[in-house]
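What follows is a short report on a single structure.
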Amino acid sequence: MPTLDDEFLATVLRDVGDSFSLPPAGPSAILGRVHRDDDERAGRRRGFGGIGHVEDGVEVADSGEPGPPPLRTARRTVRSTVRSHRILTAAAAVLVLLVVAGGAAVLGSGAPKAKTFGSAAPVTALPSTTAPRSGFGVAHTPAGTKAAGSTSAGSGAAASTPGLAAPATSSAPTTTNGTATQNAAPGLGSDAIGQPARIEQTGSLDLTVAKGAVSATVDRLDALAGANDGFVASSQTHSGTGGGTPSGTVTLEVPVASFSAALAGAESLGKVSQLTTNATDVTAQYVDLQSQITALEASRQQYLTIMTRASSIGDVLAVQAQLDSLQSQIQQLQGQLAVLGSETDYSKLTIGVSETAAPPHHRAAAAAPSGLAKAWHDSVHGFVAGTEGLIRIAGPALFALLCLAVALLGGQLFWRRLQRRNL
Amino acid sequence: MEHRLEDWLEEGYAGSFRTACLILGNRADAEEAVQDAFLRAWRFRDALTSVPSIKPWLYRVVVNSCYSKLRQEIPHRERRAGDGELAERMASASDPASSAERSEVAGVVLAALQRLPVSLRVPVVLRYYADLSERDIALAIGRRPGTVKSRLHEARRRLADDPDILLLGANGALDDPVEA
C-alpha cells in the first residue's frame with residue numbers, strides 16, 4: 001500500500017494551495033492600509049511635537065503642551081503591558097505571592113528561635129517576686145571535649161593558693177565556663193535600679209583523681225574553701241569498702257567574688273569530667289522584696305500614729321491586730337530577703353571526687369568507645385547530621401527552585417512575546 | 001538597503017496568502033491574516049538588517065499572524081471554515097482538466113491536514129507547500145530544527161493513520177496523485 005511520502009504530500013499540498021485564487025484587491029488593500037498606517041503614525045509624531053495629536057483614535061485639541069502627561073503615558077503603558085502580557089503578569093503575581101509567603105514563613109520560623117534564645121539569655125527585668133527565676137548557665141564539658149577559652153584562670157588561682165599543689169594528673173579541660181558565667185551573669189546593672197546586681201551563682205564539678213587520692217583531695221577542697229573566705233557546707237565520702245569505687249562529694253560555699261578562683265582551684269585538683277555553672281539574676285526579686293518591706297513598714301508607721309490617737313479600747317485592739325499582721329508580714333519578707341541575700345552573697349560549688357576514670361554519676365559516658373566503635377559512632381552521627389542538614393535546606397531550596405522556575409517561565413513567555421511583537 | 005512594499009507583495013503575497021489558507025482553512029481569515037502580517041512586517045522592516053534571509057522572516061510574520069487569528073477567531077473560524085468549503089473550492093478552482101478523483105484525494109488530504117493540531121499543521125504547510133527547509137521552518141516558528149523534524153515526523157504519522165487517507169490508500173487513489 002502506498003504511503004504518504006514527502007513527494008506525495010508536496011504534490012498534493014501544492015495542488016491544493018495553488019487552487020486558492022488570490023483575492024483581486026488583496027495587494028492594493030494592503031498598500032492602502034500601510035499608507036493609512038504611515039499617515040496615522042506621522043500624525044501622531046507631529047502631535048507629540050505640540051501641533052495636536054491623535055490619541056486612541058480621538059483627535060486631541062492642542063493645548064500648547066508638548067505631549068500627554070507623563071503619568072497618563074506611564075499608566076497607559078502599564079495597562080497595555082498588562083493587557084498584552086497576561087501570562088507574564090500572572091506569573092509575576094504568583095512570584096510576588098510566593099515571595100510574600102516565603103517571607104512570612106521565614107519570619108514565622110524565626111520567632112520560636114528568638115524565643116528559644118530568649119529563654120537562655122540573661123533576663124534583664126524580673127517582673128515581681130511571683131515570677132519564676134530565670135537562669136542561665138553552661139552545662140557541659142565532658143572529658144576530652146575542648147571548648148573555646150583558656151585555662152589561665154584555673155592555673156593562676158591554683159598558684160595563688162598557698163599549700164595547694166596541683167597534682168600530677170591535673171589536666172583541666174580547656175574551658176572557661178566559670179569565667180564565661182561570670183561575664184554573662186549580671187542581668188541588671190547597678191545603674192538600672194540604683195543598687196548592685198544580685199547574682200545567685202552555683203556550680204557543679206566532677207573530678208577524677210589518682211587512685212587513693214580521694215581523701216587528700218577532699219582535704220584540699222576544705223582548704224580551698226578557707227583560702228577563698230568560704231566554708232564547707234557539706235562533705236560526704238565513700239571508702240568503697242562495699243565493692244564500689246571510693247568517691248566523695250563536697251559542697252563549698254564561697255563569696256560570689258571568689259567563685260571563679262575557687263572553681264579554678266578545684267579544677268586544678270584533678271581531671272575535670274563534668275563542669276556545670278549556673279548564674280541567676282535575682283536583683284529584681286531582691287528589690288521587690290525590699291520595696292514590699294518598705295511599704296509595709298510605712299503602713300506600720302501609720303498604724304502606730306493611729307494607735308496614739310485611739311481613745312477606746314476597741315479601737316486600740318483593732319489597730320493592734322493590724323499592727324500584728326503587718327509585723328508578721330514584714331518579718332516573713334525580711335526572712336526571704338535574708339535568705340536571698342545569703343544566696344547571692346555566697347556561691348555554692350558542689351564537687352564530686354572519684355578515683356576511677358568514670359565520673360561518679362556518668363558511668364555510661366565513662367565507657368569510652370574503642371577506636372572502631374568510636375569510628376562507627378562518629379559515622380552514624382555524621383550520617384544523622386547530614387540528613388538533618390539536607391532536610392533543613394530542603395525547604396528553602398525548594399522555595400528558591402520554585403521562584404526560579406516561575407521567573408524562567410515568565411522570562412521565556414516574555415521573550416517569545418517580545419519576539420513575536422517585534423515581527 | 002531600500003525596501004519597497006510593492007516588491008514584497010509581488011514576490012510574497014501569493015505564497016503567503018495560500019500558506020495562510022492552508023493553515024487557517026478559509027480565505028477570509030487568511031486574507032485578514034496576510035494583511036496584518038504585511039502591515040506588521042512593513043512597520044518593523046528595520047529589523048530586516050538583523051535577519052539572514054527575508055523569506056523565512058516573512059513567513060514567520062505570516063505564521064504569527066495566523067496564530068493570532070486562530071486565537072481570536074476560533075468561533076468564527078469554526079463557523080466559516082469547513083471541509084465542504086474546501087472540497088468545493090478544490091473542485092471549482094482546479095484545473096478544468098483535472099479529474100474528480102484528483103479533487104477527492106486533495107480534498108481528503110486537506111481535510112486531514114485541518115484535523116492536525118496547529119503546531120503540526122504549520123510545519124507541514126511550510127515544508128511541503130512553501131518549500132522551506134527545516135532550518136528556515138525553525139526560524140519561522142521560533143523552534144529548534146530538531147523540534148521541527150520531530151513535528152514533521154509526527155504530522156506524517158498522523159496523516160498516514162488518518163482513516164480517510166487509509167481508505168484512499170485502500171482504493172488505490174494514493175498510487176500516483178499527480179497522474180490521477
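Each chain gets a letter, A, B and so on, in the order the sequences are listed, and its residues count up from 1. Just so you know, these numbers use all the heavy atoms, side chains as well, and skip hydrogens, waters and symmetry mates.
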### Message
Given heavy-atom pairs under 4.5 angstrom as the criterion, report whether the side chain, backbone, both or neither of B:F17 touches chain A.
### Response
side chain

### Message
So for atom CG, which belongs to A:L401, do other residues, nucleotides or ligands contribute more than 12 heavy atoms lying within a distance under 6.0 Å?
### Response
yes

### Task
Measure B:L9 against the heavy atoms of chain A and call it side chain, backbone, both or neither at under 4.5 Å.
side chain

List, one per line, each side-chain donor-acceptor pair under 3.5 Å for residues 161-169 of chain B, sequence neighbours excluded.
from, atom 1, to, atom 2, distance (Å)
B:D161, OD2, B:R157, NH1, 3.2
B:D162, OD1, B:R115, NH2, 3.0
B:D162, OD1, B:D164, N, 3.1
B:D162, OD2, B:R115, NE, 3.3
B:D162, OD2, B:R115, NH2, 3.1
B:D164, OD2, B:R115, NH2, 3.2

## Note on the structure
Between B:L159 and A:L9, the two heavy atoms sitting closest are CD1-CD2, 3.9 Å

### Message
For chain A, which candidate among B:R18, B:E31, B:Q35 shows the most heavy-atom pairs at distances under 4.5 Å?
### Response
B:R18

### Query
Under the side-chain contact (heavy atoms from CB on, under 4.5 Å) criterion, do A:V34 and B:R43 qualify, and how do the steps go?
CA-CA 8 Å; A:V34 167; B:R43 228 182 247 174; over 6 Å; no

### Message
So which residue, B:E10, B:R127, B:R156, ends up with the most heavy-atom pairs under 4.5 Å with chain A?
### Response
B:R156

### Task
Please round to the nearest 0.5 Å and tell me the distance separating atom CH2 of B:W42 and atom NE2 of A:H35.
9.0 Å

Per-pair distances, 0.1 Å, donor-acceptor, side chain in residues 386-393 of chain A, under 3.5 Å, sequence neighbours excluded:
from, atom 1, to, atom 2, distance (Å)
A:T387, OG1, A:F383, O, 2.8

### Qualifying residue for side-chain contact (heavy atoms from CB on, under 4.5 Å) with A:V16, from B:L113, B:L22, B:V125, B:V109
B:L22

#### Entry: Distance in Å, B:Y129 OH paired with A:T11 OG1, rounded so as to fall on 0.5 Å steps
13.5 Å

#### Entry: Heavy-atom contact with chain A under 4.5 Å, split by part of B:D131
side chain

### Task
Examine whether an atom of B:L152 lies under 4.5 Å from a heavy atom of chain A, and if so say whether it belongs to the side chain, the backbone or both; otherwise answer neither.
neither

### Task
Please report the closest heavy-atom contact between A:L22 and B:R27, naming both atoms and the distance.
C-NH2, 4.2 Å

## Note on the structure
In short, B:Y128 meets A:L13 closest at the heavy-atom pair CB-CD1, 3.6 Å

### Message
Distance check, rounded to the nearest 0.5 Å: B:Y13 atom OH versus A:I30 atom CD1?
### Response
5.0 Å

